[in-house]
Amino acid sequence: MRGLVTIMSITIIRGRILNFIEEPKAHDDESCYSYIEDGAVAVEGGKIIACEEYDAIRKQYQEVQTDDHRPNLILPGFIDTHLHFPQTQVIGSFGAKLLDWLNNYTFVEEQKYADPAHCKRMAGYFFDFLLKHGTTTAVAFCSVHKASAEAFFTEAERRNLRMIAGKVMMDRNAPEALCDTPQSSYDDSKALIEKWHGRGRAHYAISPRFAITSTPTQLEMAQALVREHPDCYMQTHLSENHDEIEYARELYQSARDYLDVYEMYDLLGPKSLFGHCIHLSERECEAMAETGSVAVFCPTSNLFLGSGLFDMDGLQAKGVRTAIATDIGGGTSYSMLKTLDEAYKILQLRNQILNPLKSFFMMTLGNARALSLEAQIGTLDAGSEADIVVLDSSATDAMALRMETVETLSEELFMLQTMGDDRAVSTVYIAGRMQDII
Ligand code: GUN
Ligand code: ZN
């Protein structure tokens, strides 16, 4: 009997290729990336099989379909390491600092996610927005409701997206309708892990929201989940706002500091993502560094909520791993370009300079490394999944005019970050498939 023969089709994606190899050490560090003026990526079965000069690819793969994006830039899809799925209708809520903002807007809106039909509708918009902004992988908090995580993973699977998410665990200091219990949070998280973690491109993140909304008993449950599922991520919030820090310390008086609340329950480690980390002490930084935990910088959110200025150079000098994220809906844009634009401005106020090569590294390979996913995403290397973004540096009249004076790649990237947003995203591929992002 003859076996089945699978014929995979190959696609060539042609344009100006930018692929990071290492973290840039300086603004003119040309060894950290490869740039090919007339380059191409060949894709087969959802993966990149080659990334070279166009002529070399053409010789190897004759008579295959070519998507010609010249003169646009081709990069790995952007990665957003912290945002909230149930906050699509919270963005731009006026006039509050973190704790009031949570109580007055966020906890009101998240209650709507008890309804699976609402979750389904919002999941459609959520992934449309991510893709439109060039984001192909994200790490999301869902609401407390299991249904919200179900809707999230179902829609991500339908679109074949590599996504990381979890339902938030929260059993106090929130409206009754948003509180689970230690046991139900364990049971629901466990059931979601068993169903979704490792299924297709999905990963689960065990998600105690933050110390203020979890009792010690609930953090014990989170600890048990992390112990039972060490390959899952753990995500929470840490040291975002002074009132939050004070409240967390009142609630956990035996903890040495805010981070110690999470340390007491063994929640630190290389797969642990801590949103914000603005006001960390020396001891907290040391513990983050020693455990390989990741501090996630959320610039638009930190400015919008008046939370403070992230000390990126300081944390990195102390050996803390960092990542960058939108934090929708405390954050104000789905765009990783806008996010890095605001990061640049925050670091200006700290007298730190974020060079454009490092910005583009951070939203691609840097964030992939923070998630330990660099073998799958964040590069255009052969073997990587073909999640790709195509950027048009002349997307608007103002950008096109500014491009007339741009002379180097670095200048172009900085202009793209400063002036660009979703209008600069001309095409997105997911596992080699061109998406309809209009
Ligand atoms: N801390 C706890 N929950 C949240 C949230 O939803 N957004 C932000 N920015 N901080 C938080
Ligand atoms: Zn957050």
Side-chain angles (χ1 to χ4, degrees), residues 82-87 90 93 96-114 139-149 165-190 192 205-226 233-255 257-268 272-279 296 298 301 305 307 327-331:
H82 179 124
L83 82 172
H84 295 259
F85 162 51
Q87 294 180 15
V90 176
S93 296
K97 293 270 171 73
L98 175 65
L99 298 179
D100 287 338
W101 174 84
L102 283 171
N103 287 318
N104 298 338
Y105 300 112
T106 309
F107 289 165
V108 176
E109 195 56 37
E110 291 195 9
Q111 292 182 46
K112 297 181 185 160
Y113 288 71
V139 188
F141 289 81
C142 300
S143 73
V144 73
H145 315 95
K146 195 175 167 203
S148 72
K167 79 148 221 111
V168 287
M169 305 166 74
M170 49 194 291
D171 67 344
R172 66 168 167 186
N173 292 323
E176 188 75 31
L178 271 196
C179 286
D180 51 18
T181 67
Q183 191 60 49
S184 75
S185 71
Y186 175 88
D187 293 343
D188 286 351
S189 303
K190 185 98 185 162
L192 287 164
I206 297 157
S207 308
R209 185 177 199 126
F210 66 157
I212 292 173
T213 49
S214 284
T215 59
T217 316
Q218 182 164 67
L219 291 186
E220 277 172 22
M221 294 300 185
Q223 177 180 29
L225 287 166
V226 168
Y233 293 89
M234 194 294 301
Q235 63 175 347
T236 188
H237 296 84
L238 172 68
S239 206
E240 178 174 3
N241 159 300
H242 292 297
D243 291 343
E244 171 217 18
I245 297 167
E246 201 177 310
Y247 195 4
R249 300 217 52 192
E250 261 171 46
L251 292 169
Y252 286 91
Q253 295 192 2
S254 66
D257 45 44
Y258 192 169
L259 181 64
D260 197 36
V261 175
Y262 301 128
E263 258 177 295
M264 291 190 311
Y265 299 96
D266 295 330
L267 298 180
L268 278 60
S272 297
L273 308 169
F274 293 90
H276 306 293
C277 297
I278 300 171
H279 312 286
V296 184
C298 305
S301 169
L305 294 174
S307 302
D327 190 31
I328 290 294

* Pairs involving residues 236-249, ordered by first then second residue, that meet salt bridge (charged side-chain N to carboxylate O under 4.0 Å, His left out) (sequence neighbours left out) -> none
* Asked: Does Ser239 have any side-chain contact (heavy atoms from CB on, under 4.5 Å) partners at least two apart in sequence or in another chain, and if so, which?
  -> Ile245, Tyr258, His279, Leu280
* Side-chain heavy atoms of Ser148 within contact of Pro86, under 4.5 Å -> no
* List the steps and the verdict of side chain to side chain contact (heavy atoms under 4.5 Å, CB included) for Cys142 and Tyr113. => CA-CA 9 Å; Cys142 300; Tyr113 288 71; over 6 Å; no
* List in chain and number order the residues that pass salt bridge (charged side-chain N to carboxylate O under 4.0 Å, His left out) with Asp257, two or more places apart in sequence or in another chain; answer none if no residue qualifies. => Arg283
* Do the side chain of Gln218 and the main chain of Met170 share a donor and acceptor less than 3.5 angstrom apart? -> yes
* What's the spacing between Met169 CE and Ile206 CD1 if we round to 0.5 Å? -> 8.0 Å
* Leu238 side chain reached by Leu259 side chain, heavy atoms, under 4.5 Å -> yes
* Asked: Got a second to check how far Asn173's CG is from Cys179's SG, nearest 0.5 Å?
  -> 8.0 Å
* **Thr213 backbone acceptor or donor facing Arg172 side chain under 3.5 Å** => no
* Structure fact -> Residues at least two apart in sequence or cross-chain that pass side-chain contact (heavy atoms from CB on, under 4.5 Å) with Lys112, listed by chain then number, are Glu109, His118
* Asp171: partners by salt bridge (charged side-chain N to carboxylate O under 4.0 Å, His left out), with sequence neighbours left out -> none
* Asked: Does the side chain to side chain contact (heavy atoms under 4.5 Å, CB included) test come out yes or no for Asp260 and Met264, once each step is laid out?
  -> CA-CA 6 Å; Asp260 197 36; Met264 291 190 311; 4.1 Å; yes
* To do: Could you pull out all residues at least two apart from His84 that satisfy ring-ring contact (aromatic ring centres under 6.0 Å, His included)?
  => His82, Phe141, His237
* State whether the side chain of Lys167 and the backbone N or O of Val144 hold a donor-acceptor pair below 3.5 Å, judged by distance alone. => yes
* Structure fact -> Residues at least two apart in sequence or cross-chain that pass side chain to side chain donor-acceptor pair (under 3.5 Å) with Gln235, listed by chain then number, are Ser207
* Just jot down the side chain to side chain donor-acceptor pair (under 3.5 Å) partners of Gln111, sequence neighbours excluded, or say none. => none
* To do: Go through the structure and list residues passing salt bridge (charged side-chain N to carboxylate O under 4.0 Å, His left out) with Glu110, not counting sequence neighbours.
  => Arg209
* Look up atom OH in Tyr247 and atom OH in Tyr252, then write down how far apart they are to the nearest 0.5 Å. => 11.0 Å
* Asked: Got a sec, which residues hit salt bridge (charged side-chain N to carboxylate O under 4.0 Å, His left out) with Asp188, two or more places apart in sequence or on another chain?
  -> none
* Could you walk me through whether His276 and Ser301 pass the side chain to side chain contact (heavy atoms under 4.5 Å, CB included) check? -> CA-CA 9 Å; His276 306 293; Ser301 169; 3.8 Å; yes
* Lys190: side-chain contact (heavy atoms from CB on, under 4.5 Å) partners, not counting sequence neighbours -> Tyr186, Glu194, Leu225, Glu228, His229
* Asked: So how far is it from Gln87 CD to Thr106 OG1, rounded to the nearest 0.5 Å?
  -> 5.0 Å
* Please report the closest heavy-atom contact between Ala211 and Val261, naming both atoms and the distance. => CB-CG1, 3.9 Å
* Value rounded to 0.5 Å, distance of OH in Tyr262 from OG1 in Thr236 -> 3.5 Å
* Structure fact -> For Asp100, the side-chain contact (heavy atoms from CB on, under 4.5 Å) test, sequence neighbours excluded, returns Ala96, Asn104
* Asked: Within the distance-only criterion (no hydrogens, no angle test), does the side chain of Ser272 pair as donor or acceptor with the backbone N or O of Leu267 below 3.5 angstrom?
  -> yes
* Kindly compute the distance separating CG (Asp327) from CG (Leu305), expressed to the nearest 0.5 Å. => 7.5 Å
* To do: Start with the C-alpha distance between Ile212 and Leu99, add both sets of side-chain angles, then the distance that settles side chain to side chain contact (heavy atoms under 4.5 Å, CB included), and finish with yes or no.
  => CA-CA 10 Å; Ile212 292 173; Leu99 298 179; 4.2 Å; yes
* To do: Heavy atoms only: give me the nearest Asn103-Val108 pair and the separation to one decimal.
  => O-CG2, 3.8 Å
